There are 2 protein chains.
Amino acid sequence: MKSRLNPQYEARARIIKAMAHPSRLFIIEELQKQERCVGELTEMIGSDTSTVSKHLSVLRNAGLVSDEKRANSIYYTLRCPCVMDFIGCVEEVLSANAKEHANILKCCKK
Amino acid sequence: MKSRLNPQYEARARIIKAMAHPSRLFIIEELQKQERCVGELTEMIGSDTSTVSKHLSVLRNAGLVSDEKRANSIYYTLRCPCVMDFIGCVEEVLSANAKEHANILKCCKK
DNA sequence: CTTCTATTTGGCTATATGGCAAAATACGAA
DNA sequence: TTCGTATTTTGCCATATAGCCAAATAGAAG
């Protein structure tokens with residue numbers, strides 16, 4: 001990490017890094033629809049509760065979600081719904097990749 | 001990584017992960033303005049050539065940039081400029097965090 | 001062919017991350 | 001207080017990543 005870049009890039013990278021995991025992307029997408037507690041998310045994702053709890057703390061530390069305790073569960077909410085805008089672009093990259101891959105295959109078949 | 005999530009989430013996470021590094025964010029931003037070769041980017045970032053080269057290969061493998069050899073340099077281009085849209089939202093998260101942090105400080109001073 | 005330049009690759013170390021299981025904590029209810 | 005449920009924290013291990021240096025490669029230029 002030795003570079004003379006503006007520290008702003010590190011701040012941005014921290015946020016993006018917090019999103020860079022399949023389960024956390026799922027959580028973000030789910031919380032955009034409605035708030036959820038750890039147990040519900042764990043159930044949907046299908047991995048250990050402690051693992052999901054860690055993912056949530058990563059998202060919380062990045063400021064991407066906020067939590068509120070009600071009854072005996074903690075409900076998580078997406079703080080900046082704009083993060084969902086990412087997905088459209090990511091899908092665009094993925095389909096561009098898929099198209100290119102198809103072209104390479106077609107080319108090699110000849 | 002043991003979960004029963006749709007593999008689509010992994011594909012998306014791979015793309016986002018490729019962006020989750022300060023130097024790579026800088027490269028993306030710079031390439032959005034104009035194409036650049038490894039030497040130029042290395043100069044701007046201020047780290048080892050091999051390190052920058054590796055960052056570029058991460059971006060290339062993710063399909064975020066493409067490269068073209070001309071003269072005796074390899075020029076990199078941003079493939080999907082929409083990735084720059086991320087930054088606006090990331091900044092929004094950062095300023096929300098800063099605001100919250102300021103509130104906490106104010107609250108504790110009392 | 002040889003040299004020079006630009007870039008990539010391999011080897012190495014240090015550090016960070018994900019996942020699971022067990023222990024710890026928080027707190028409402030009995 | 002004690003019990004039970006929901007969540008977080010901690011310890012451990014395996015794997016992945018960043019960084020630097022040195023060596024390898026690809027071409028252009030001589």
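First the proteins, then the strands, lettered A, B, ... as listed; each starts at 1. Values in this document were obtained by computation on a predicted structure and should not be read as measured data.
Note on ring orientation: taking the six-membered ring where Trp is involved, the planes of B/F26 and A/Y9 are perpendicular (angle over 60°, cut-offs 30° and 60°).
When the side-chain nitrogen and oxygen atoms of B/H21 are compared with OP1 and OP2 of D/dA16, none of them lie within a distance under 4.0 Å. OP1 or OP2 of D/dT8 has at least one side-chain nitrogen or oxygen of A/S53 nearer than 4.0 Å.
Comparing A/T51 and B/L56 along DNA chain C, the residue whose closest nucleotide (by nearest heavy atom) sits nearer the 5' end is B/L56.
Counting atom types as modelled, B/K54 pairs a side-chain N or O with a base atom of C/dG11 as donor and acceptor under 3.5 Å. Side-chain N/O atoms of B/S47 and base N/O atoms of D/dC20 include no donor-acceptor pair closer than 3.5 Å. The base of D/dA6 is not paired with the side chain of A/T49 by any donor and acceptor separated by under 3.5 Å.
Residue A/S57 is classed as having no contact, given no heavy-atom separation below 4.0 Å to the nucleic acid. Across all strands shown, A/R70 has no heavy atoms under 4.0 Å from either base or sugar-phosphate atoms. When heavy atoms are screened at a 4.0 angstrom cut-off, B/Y76 is found touching the sugar-phosphate backbone but no base atom. Among the heavy atoms of the strands lying under 4.0 Å from B/S73 are primed sugar atoms or P, OP1, OP2 only; no base atom is included.
B/K17 contributes atom NZ, which lies 8.0 Å from atom NE2 of A/H21 (distance to the nearest 0.5 angstrom).
Side-chain contact between B/L64 and B/C80 is absent, with no heavy atoms from C-beta onward closer than 4.5 Å.
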